[in-house]
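Any value given below was found using the heavy atoms of this structure, including those in side chains, with hydrogens, waters and symmetry copies removed.
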Amino acid sequence: MNKLDLLQLAQKSLWRRKARTILTVTGVMIGTTAIVVMLSLGIGLNESQRRSMESWGSLNVIRVQPGTNYDNEGNPLGEAKRLNDETVEEIKAIDGVWAVTPAYDAGGEARFGRKRGGLQLIGVDPAAMENLEFTPLLGRLLEPGDRNVIVVGSEVINQFQDEADIKKMQRGMMISPGMREDKDPADIMDQRLTMELYSGTNREQKKVFAFQVVGVLEGEQKEHSYQAYAPIEDVKKMRRFLNQASGGSTSSMSREIAMKMGGGAVSVRRVGGSKSSSRIEADDYSYILVHTKDVSDTKIVSQALKDQGFNSWSMADQLEGIEKTSRTIQAILGGIGAITLLVAAIGITNTMIMAIYERTREIGIMKVIGATFRDIHSMFLAEAGLIGFFGGIIGLGLSYTVSYVINQISKDFMNRGMPPGTEEAIGISLIPGWLALFAVLFAIMIGILAGLYPANRAVRLSPINAIRND
Amino acid sequence: MKVTALTKKYRIGQEIVTALDRVDLTVKQGEFLCILGTSGSGKSTLLHLMAGLERPTKGDISINGKTLSGMKEKDMALFRRKHMGFVFQSYNLIPTMTALENVSLPLIFDGSDTRERVGKARELLIQLGLKDRFRHKPQEMSGGQQQRVSIARALVNNPRILFADEPTGNLDSKTTKEIMEILREKVSQSGLTLVMVTHDNELAEYADRCIYMVDGMITQIVEKGARHEEA
């Protein structure tokens, strides 16, 4: 018996008991909808958490910091690792690592034109920059061989203010710039940015470092939006200058980067980790950025780094706990849906058993004229499977509708109280393609499983009883 | 077809009923055999056993040298599909299908393609004078027409053996005559073997040979022409 005929026969016999078929299909439809909507809530939850984490920083980046790891009780695990070129090589050798750059932290006040403001400057390997998930909004990224150039985050411009305004503020004529308007990041492009550094115990030595702004990074409200990136060699030079005067590596603990700010010196940012900073040499990096291709790699690499005694931190580590929670929620929600579908499956079985009683004679005749056990079996399974299929398809359609409604309602709540201009919250119910496919296949499978028992009964019917003359 | 020492016993409650008691019978190819007997004589049981719809308690049936009792259920179904046709007293058509669909049903199980099976079904229905009844459902047709549809269904797979169980039991005498003439003609024309079970002595005249059964045993065999005298 070929498959098309089988389906045609099944569809015909379903259609001749319309009311019952429709009711049974409705059961499957409700079951499918319950499962899909419940799972979609879990998936939506997961996704929105992931996105909010991602908006803070990439999930593919691991930050290796100086210092030791601590176990749950707060005891140090092993010795602190130094962050130098050797360690960079060591990290590069780990499987799953895509790009590595050492970084120097420096900061202070900088000025361009008539504006000045605080600048958090990070020295990175220019060659690695394009592998670190940076994309330029304007201009370009750092390139190998770059010197004395700088790429800034999109929010950096907002940290600079006119000299005149600052003076007014100091005299109390202007209240703090609470509602600072957004400035166009293009204003800082191609500007010459200068930083004046002082060194020595009495700050007797002065040196000016100048950078050309060659690019502005894409992305608002990210970690890197407030930072500026320069070639690591330049930043190294700045640090050497600071260190050489204050006594080299031994005084690294007290090392300060002093900046000139309107006549007064401000000391900012002690470079290095906290507890084991005594072991940090002057030339050691502030931290090392490790980049992976995807989140799963991040987790593996992050673990590998920890195993090797590095003090590593990544957004992906934080994600794990959240994922665990949402998996639990998903399981609970899915379970509720599954119960509904189970009830529907019992409905299918019931309908098919009824059908057998009605069609005892018909089944007998078919056997007599040459239907094999297998033919009868597949006919009943096809009918049950079709009920599952129609229920699944209609249920999926309904799920999309329900999901849409849920999202419309929830959006009103979620966007309330958010500052305008922030990214619109994504829906709390998400139906990915695989879920849609899974739902329909699952409904068909449930139908077939529910049809197994009735089909076996149909096969066992004696043809003699069926054709016996009334 | 050869039937040897065929015995069938049923258990009804505590009692064991012997429906067939060591029956021996040979049916020749192209023969019209009529099995006559009152109800409960075992004639229907004999037909069911010969058609492989039931399994004998003892004894054996072989068709063209093939032993039925050794066959698996699936092979039996395939054998019926390829080589046997059935006509019943109550027609046993599928009520939701049209005449054309009913006739082509055995070919559907056989997996033949739509054009081929519809062609065959049409041809047979036209032969049997049902040209304008293709799209009718069974309940829209008279008894005689339904029985003709069922004969068409029985013949659609070009069987070698046709089994008929009281084929005219529900029909009036005029239609009975029609149906019997159709069956007789088919046997004479195509070398088909027909085994018919009936309690109607009148029908015996169409057969080449008649056997009489009482209480599960063959009591008399009458060759063609020799008219049975009621005893």
Can you tell me how far apart [atom1] ([X]) and [atom2] ([Y]) are? Round to the nearest 0.5 Å.
X      : Y      : atom1 : atom2 : answer
B/S112 : A/M1   : OG    : CE    : 11.0 Å
A/M366 : B/I94  : CE    : CD1   : 4.0 Å
B/E73  : A/F373 : CD    : CZ    : 3.5 Å
A/N2   : B/F109 : CG    : CZ    : 12.0 Å
A/I464 : B/L53  : CD1   : CG    : 4.5 Å
A/I365 : B/R153 : CD1   : CZ    : 6.0 Å

Around atom [atom1] of [X], are there more than 12 heavy atoms of other residues, nucleotides or ligands at under 6.0 Å?
X      : atom1 : result
B/Q139 : CD    : yes
A/Y404 : OH    : no
B/R22  : CZ    : no
A/M445 : CE    : yes

Going by heavy atoms in the side chains, are [X] and [Y] under 4.5 Å from each other?
X      : Y      : value
A/V368 : B/H48  : no
B/M76  : A/T372 : no
A/R361 : B/S90  : yes

Find the one option among B/A51, B/G85, B/P95, B/A77 whose heavy-atom pairs under 4.5 Å with chain A are most numerous. B/A77
Max heavy-atom pairs within cutoff under 4.5 Å with chain A, candidates B/M84, B/K82, B/E54, goes to B/E54
If one checks every heavy atom of A/L6 against chain B at 4.5 Å, the contacting part turns out to be neither
Contact part of A/I369 toward chain B, heavy-atom cut-off under 4.5 Å: side chain, backbone, both or neither? both
Please walk me through it: do B/T96 and A/K12 pass side chain to side chain contact (heavy atoms under 4.5 Å, CB included)? CA-CA 9 Å; B/T96 49; A/K12 227 178 235 171; over 6 Å; no
Using a heavy-atom cutoff of under 4.5 Å, enumerate the residues of residues 374-383 of chain A that contact chain B, numbered in order, or state 'none'. A/D375, A/M379
Give a yes or no answer on whether the side chain of B/R80 reaches the backbone of A/K367 with a donor-acceptor pair at less than 3.5 Å. yes
